[in-house]
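These numbers come from a predicted model, not from an experiment. In what follows, every chain begins at residue 1, and chains take the letters A, B, ... in the order their sequences are listed.
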Amino acid sequence: MANEIRVRFAPSPTGFVHVGSLRTALYNYLYAKKVGGKFILRIEDTDQNRFVEGAIENLINTIKMAGFDYDEGPEIGGNYGPYYQSERTQLYQKYAEELIANDKAYYCFCTQEELSKMKEENKESDFYGYNGKCRNLTSEEVQKKLDNNVPHVIRLKLPLDGEITFYDVVREKVTFPWNMIDDQVLIKSDGFPTYHLANVVDDHLMEISHVIRGEEWLSSTPKHLFLYEAFGWKPPKMVHLPLLLNPDRTKLSKRQGDVAVEDFIKKGYLPETLVNFVALLGWHAKNDREIYTLKELEKAFSIKRITKAGAVFDITKLDWMNGQYIRSLDLKYIAETSKKYFLEMNINISDEKKYRNVIKFARERVSRLNQIVEESIMFYQELIFPDEDLPIIKSESAKRVFSFWAKELSMQEKWNDKEINNLVNRTQQEIGVKGKDLYLPLRLALYGKSHGPDMPTLIGILGKEESIKRFKKLI
RNA sequence: GUCCCGUUCGUCUAGUGGUUAGGACUCAGGAUUUUCAUUCCUGCAACAGGAGUUCAAUUCUCCUACGGGAUGCCA
């Protein structure tokens, strides 16, 4: 199957999954689904200095939670493994040596000190990169240093002049002059490969057909293409996605708010929302539709309709969309995923029926799951009345209303919504209290706030007994 | 600094060589609701600037401006 579409999401495990990464993963996944190709997960753990405990598990969990089932990768394996780059190190070494043999790469013995000094000197010129000091060492010089175990790296030997033009699916024709591109390190002094080498080698070996990644990679694409050429490999199609931006239009970063998927989840955003929202940041169908399930996105997605310009991650719209999902998704699911917020507050929600009614009510008023608790805590706790409302519930007429309701409620076993509304009307007739003087005290007595649900909803959730109790307390 | 990429309402975007430039979020006003929230309706608001091509340019070309990315033995 030489023409099979194979795409990959290749994150490095740095501790959390950036929403930008989530989108990259999503687009890869969607493209694979759309064209019936394969979606591969590959872990790029080649930087020993950035190892973070538990990061890989976290990453895999996030991908699964989002619903991006991968065809090959960690845990499930596949025919192109291993899928951890740290388990493939010998491979990269071998390919690097092949490059050296073909004069496409060279050993470099420059020390960190030399490099930083060089950098200082470069400040004057237009080019900030490596000065090519070790480019032309004789094979004898090189051998001698190697024999003496002088620490070294392997660098790419790029053309000194001319230019490279390639076609990006999103950006079309892109041209770079070679003399602006650095002789990139391919193998670090610790023997591990850098992204550039590992990525190209693995993408080729795994027969990746399309590289779909963030725009920050566009400027290193010439290096990658040079490598494909040097190895005599056919390069994959390049697809560079527009960046996700902070409100000030810089690259979306932690400094200006949440960027980790898990942070959003903690705050009560649903995975469904995140996926839907992020899908629309850089891609849009021809129509006006905005709400999509993952399955629907799989059908609608098209690589051709990816946009070119960076997109600001607008929390306000995210909130709106999350509210849409909270209201429209299955009640059971919302109830279930909201549980943890109640348990965190030590609220006893063991009464399943009451809890379900609470969720049914509260989901209409929130944009994030964690806000559900604030909206409904008064159903589970002793009420605390705001000072400014105290005169209202202490008034003579309010007390008459409470007595009336406590008495009336207890006279009948079960109450439906209509009967409660009737009771409101009867209160007006029999006690003579109406309008604000009636509704405010009633809601306050049962809910503790002057704004909120109507009487049938309130009593429906609290139940007859609890309602009577709350009234009697204020008589 | 240099190289590369980008630019339609504040934000996400649709769209076209001739359109009243459409939708969504936000905001404002209204309707529904005893109130709040939800929901619905209405409204405000954009083609970065200049030159060229053309009968005609928001749309094509070039320049400028602005924004962003890259410039690591990070990915």
Subject >> Pairing nucleotide - B:C66, Watson-Crick or G-U, each distance under 3.5 Å >> reply: B:G6
**OP:** Please determine, by modelled atom types, if A:T457 and A:D454 share a side-chain donor-acceptor pair under 3.5 angstrom.
**Re:** yes
I'd like a list of close polar pairs between nucleotides 43-46 of chain B and the protein, N/O only, cut-off under 3.5 Å.
none

Original post:
Considering every strand shown, what is the Watson-Crick or G-U wobble mate of B:A21 when both distances are under 3.5 Å?
Top reply: none
Original post:
Atom CG of A:L244 to atom P of B:G6: distance rounded to whole Å?
Top reply: 18 Å
Original post:
Hey, can you pull the residues of residues 157-167 of chain A with a non-hydrogen atom under 4.0 angstrom from RNA chain B?
Top reply: none
Original post:
Are there more than 12 heavy atoms of other residues, nucleotides or ligands under 6.0 Å from atom NZ of A:K34?
Top reply: yes
Original post:
What pairs with A:E430 under salt bridge (Lys or Arg N to Asp or Glu O under 4.0 Å), at least two apart in sequence or on another chain?
Top reply: A:R426
**OP:** Before giving the answer on side-chain contact (heavy atoms from CB on, under 4.5 Å), spell out for A:V142 and A:Y106 the whole-Å C-alpha distance, their side-chain angles and the decisive distance to 0.1 Å.
**Re:** CA-CA 9 Å; A:V142 169; A:Y106 59 93; over 6 Å; no
Original post:
What integer distance in Å separates A:W320:CH2 from B:C12:P?
Top reply: 16 Å
**OP:** May I ask you to decide whether A:K133 forms a salt bridge with A:E114, counting only side-chain N to carboxylate O separations under 4.0 Å?
**Re:** yes
**OP:** Report the nucleotide, chosen from B:C4, B:U2, B:U13, that has the shortest atom-to-atom distance to any side-chain atom of A:V174.
**Re:** B:C4
**OP:** Produce a footprint string for nucleotides 58-64 of chain B: one letter per nucleotide, 5' end first; B if the base is under 4.0 Å from any protein heavy atom, S if only the sugar-phosphate is, - if neither.
**Re:** -------
Subject >> NZ/NE/NH1/NH2 to OD/OE distance under 4.0 Å, A:E290 and A:K317 >> reply: yes
Please tabulate, one pair per line, all N/O donor-acceptor pairs under 3.5 Å involving side-chain atoms of residues 151-159 of chain A, not counting sequence neighbours.
{"residue": "A:H152", "atom": "ND1", "partner": "A:V150", "partner atom": "O", "Å": "3.1"}
{"residue": "A:R155", "atom": "NH1", "partner": "A:D183", "partner atom": "O", "Å": "2.8"}
{"residue": "A:K157", "atom": "NZ", "partner": "A:D103", "partner atom": "OD1", "Å": "2.9"}

**OP:** To the nearest Å, give me how far apart CG (A:L446) and C1' (B:U34) are.
**Re:** 15 Å
Subject >> Minimum-distance nucleotide (side-chain atoms of A:R171 versus B:A14, B:U34, B:C5) >> reply: B:C5
Subject >> Paired nucleotide for B:A75 [Watson-Crick or G-U wobble; both distances under 3.5 Å] >> reply: none
Subject >> Separation of atom CD1 in A:I306 from atom P in B:A14, rounded to whole Å >> reply: 12 Å
**OP:** Test for a donor-acceptor pair under 3.5 Å between the base of B:U38 and the side chain of A:R327, counting only N and O atoms.
**Re:** no
Would you list the atom pairs, donor with acceptor, under 3.5 Å between side chains in residues 222-230 of chain A and any protein atom, with sequence neighbours excluded?
{"residue": "A:K223", "atom": "NZ", "partner": "A:Q184", "partner atom": "OE1", "Å": "2.7"}
{"residue": "A:H224", "atom": "ND1", "partner": "A:R213", "partner atom": "NH2", "Å": "3.0"}
{"residue": "A:H224", "atom": "NE2", "partner": "A:H196", "partner atom": "ND1", "Å": "2.8"}

Atom pairs under 3.5 Å: protein N/O with N/O of nucleotides 66-75 of chain B:
{"residue": "B:G69", "atom": "OP1", "partner": "A:K251", "partner atom": "N", "Å": "3.0"}
{"residue": "B:A70", "atom": "OP1", "partner": "A:K251", "partner atom": "NZ", "Å": "3.0"}
{"residue": "B:A70", "atom": "O4'", "partner": "A:S219", "partner atom": "OG", "Å": "3.2"}
{"residue": "B:A70", "atom": "O2'", "partner": "A:S219", "partner atom": "OG", "Å": "3.2"}
{"residue": "B:G72", "atom": "OP1", "partner": "A:K119", "partner atom": "NZ", "Å": "3.0"}
{"residue": "B:C73", "atom": "O2", "partner": "A:S189", "partner atom": "N", "Å": "2.8"}
{"residue": "B:C73", "atom": "O2", "partner": "A:S189", "partner atom": "OG", "Å": "2.7"}
{"residue": "B:C73", "atom": "N3", "partner": "A:S189", "partner atom": "OG", "Å": "3.2"}
{"residue": "B:C73", "atom": "N4", "partner": "A:C110", "partner atom": "O", "Å": "3.3"}
{"residue": "B:C74", "atom": "OP2", "partner": "A:K188", "partner atom": "NZ", "Å": "2.8"}
{"residue": "B:C74", "atom": "O2'", "partner": "A:D47", "partner atom": "OD2", "Å": "3.0"}
{"residue": "B:C74", "atom": "O2'", "partner": "A:R50", "partner atom": "NE", "Å": "3.2"}
{"residue": "B:C74", "atom": "O2'", "partner": "A:R50", "partner atom": "NH2", "Å": "3.1"}
{"residue": "B:C74", "atom": "O2", "partner": "A:R50", "partner atom": "NH1", "Å": "3.3"}
{"residue": "B:C74", "atom": "O2", "partner": "A:R50", "partner atom": "NH2", "Å": "3.3"}
{"residue": "B:A75", "atom": "OP1", "partner": "A:T46", "partner atom": "OG1", "Å": "2.9"}
{"residue": "B:A75", "atom": "OP1", "partner": "A:K188", "partner atom": "NZ", "Å": "3.1"}
{"residue": "B:A75", "atom": "OP2", "partner": "A:Y195", "partner atom": "N", "Å": "3.0"}
{"residue": "B:A75", "atom": "O4'", "partner": "A:R50", "partner atom": "NH2", "Å": "3.3"}
{"residue": "B:A75", "atom": "O3'", "partner": "A:E44", "partner atom": "OE1", "Å": "3.3"}
{"residue": "B:A75", "atom": "O2'", "partner": "A:S12", "partner atom": "OG", "Å": "3.0"}

Subject >> salt bridge (Lys or Arg N to Asp or Glu O under 4.0 Å) involving A:D202 - partner list, sequence neighbours excluded >> reply: A:R42, A:R88
Original post:
Does any N or O in the side chain of A:D45 come within less than 3.5 Å of the main-chain N or O of A:Y84, such that one atom is a donor and the other an acceptor?
Top reply: no
Subject >> Which residues share a ring-ring contact (aromatic ring centres under 6.0 Å, His included) with A:Y27, sequence neighbours left out >> reply: A:F301
**OP:** Go through the structure and list residues passing salt bridge (Lys or Arg N to Asp or Glu O under 4.0 Å) with A:D258, not counting sequence neighbours.
**Re:** A:K267
**OP:** Look at A:E375 together with A:R363 and state whether they make a salt bridge at an N to O cut-off of under 4.0 Å.
**Re:** no
Original post:
Whole Å only: how far is the CG atom of A:D288 from the P atom of B:C25?
Top reply: 11 Å
**OP:** State the CD1-CG distance between A:I334 and A:L270, to the nearest 0.5 angstrom.
**Re:** 5.0 Å
Original post:
In residues 453-462 of chain A, which ones come under 4.0 Å of RNA chain B, going by heavy atoms?
Top reply: A:P453, A:D454, A:M455
**OP:** For the pair A:F39 and A:F68, name the ring-plane relationship: parallel under 30°, tilted 30 to 60°, perpendicular over 60°.
**Re:** perpendicular
Original post:
When the distance from NZ of A:K317 to C1' of B:A24 is rounded to whole Å, what number comes out?
Top reply: 4 Å
Subject >> B:A37 pairs with, by Watson-Crick or G-U criteria that keep both distances under 3.5 Å >> reply: none
Original post:
Picking from B:A24, B:U38, B:C4, which would you name as closest to the side chain of A:E290?
Top reply: B:A24
Subject >> ring-ring contact (aromatic ring centres under 6.0 Å, His included) partners of residues 428-461 of chain A, not counting sequence neighbours, each pair once >> reply: A:F379-A:Y447
